[in-house]
J.: 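Once you've had a glance at the structure underneath, I'll fire off some questions.
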Amino acid sequence: DIRRDIALNLVAIRALAADDGPDGSRTLALRRYILGLALVATTAPIDTNLREGCLLVVDAERPSFFELVSHDGMRHKLELDHATALAFAQRAASAFGVGQGRAEVFEQSAAQVLLSQTKEEVKRQRRQAARSEEGA
């Protein structure tokens, strides 16, 4: 048998936070956006062509299924398809404020500098940037 198991950790998504006010609306929008992306990736059709002459097919007697596993181990059947996941992701992206796609240049040296900073250095830079924006 060949199996494809996917685990989507909702606890990790709940740990995400955005810079927002006391109502937490931006954080909720961020979490829904990331959840939407994960659901689309989870439900997306996969390429079953492994190599020339080797094509995987679904076993009609054992259809795919989704389960929601609670922290206490209880399992609940989950009805989920790609179209539903995609629609949710699109609404979540819109609510989070994702705009048109654009091309950007990744600067590895800048990323390395940012990743080498301590939390205090990052906080200090954010405060300085916020002050600069207020003065502009």
J.: Spell out, as yes or no, whether a donor-acceptor pair under 3.5 Å connects the side chain of T48 to the backbone of L55.
T.: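 Between the backbone of L55 and the side chain of T48 there is no qualifying donor-acceptor contact (under 3.5 Å).
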J.: Determine, stepwise, if the pair F88 / V40 fulfils side chain to side chain contact (heavy atoms under 4.5 Å, CB included).
T.: CA-CA 9 Å; F88 174 80; V40 167; over 6 Å; no
J.: Determine yes or no for a side-chain-to-main-chain donor-acceptor pair under 3.5 angstrom, with S94 supplying the side chain and Q90 the backbone.
T.: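 Checked: no pair found.
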J.: Under 3.5 Å, which donor-acceptor pairs do the side chains of residues 59-75 form with other protein atoms, sequence neighbours left out?
T.:
unit_1	atom_1	unit_2	atom_2	d
D59	OD1	E61	N	3.0
R62	NH1	D1	OD2	3.3
R62	NH2	D1	OD2	3.2
E67	OE1	R75	NH1	2.8
D72	OD1	M74	N	3.1

J.: Could you check whether any side-chain N or O of R31 sits under 3.5 Å from a backbone N or O of R14, counting only pairs where one atom can act as donor and the other as acceptor?
T.: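 At least one qualifying donor-acceptor pair exists.
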J.: For A29 and A95, work out which heavy atoms get closest and say how close.
T.: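 Shortest heavy-atom separation between A29 and A95 comes out as CB-O, 4.3 Å.
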J.: Just checking, R26 and F96: is the charged tip under 6.0 Å from the six-membered ring centre and within 45° of the axis?
T.: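 The answer is yes; both the distance and angle limits are met.
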J.: Enter the distance from I6:CD1 to T43:OG1 here, rounded to the nearest 0.5 Å.
T.: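 Here the rounded value is 8.5 Å.
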J.: What's the shortest heavy-atom distance between L8 and L39, and which atoms?
T.: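 What the structure gives for the nearest pair is CD2-CD2, 3.8 Å.
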J.: Would you name the heavy atoms of S116 and V113 that are closest together and state the gap between them?
T.: OG-O, 2.8 Å
J.: Look at the side-chain heavy atoms of Ile, Leu, Val, Met, Phe, Trp and Tyr, link any pair under 4.5 Å apart, and say whether L80 and I34 land in one connected group.
T.: yes
J.: How long is the straight-line distance from CG of L56 back to CD1 of I46, given to the nearest 0.5 Å?
T.: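 Here the rounded value is 7.0 Å.
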J.: For residues 118-126, which side-chain donor-acceptor pairs fall under 3.5 Å, sequence neighbours excluded?
T.:
unit_1	atom_1	unit_2	atom_2	d
T118	OG1	E121	N	3.2
E121	OE1	T118	N	2.8
Q125	OE1	Q117	NE2	3.3

J.: Would you compute the distance between atom CG of L115 and atom CD of Q108 and round it to the nearest 0.5 angstrom?
T.: 10.0 Å
J.: Going hydrophobic residue to hydrophobic residue with side-chain gaps under 4.5 angstrom, can you get from V98 over to L37?
T.: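 Yes; tracing contacts between hydrophobic side chains, which count when under 4.5 Å, links both residues.
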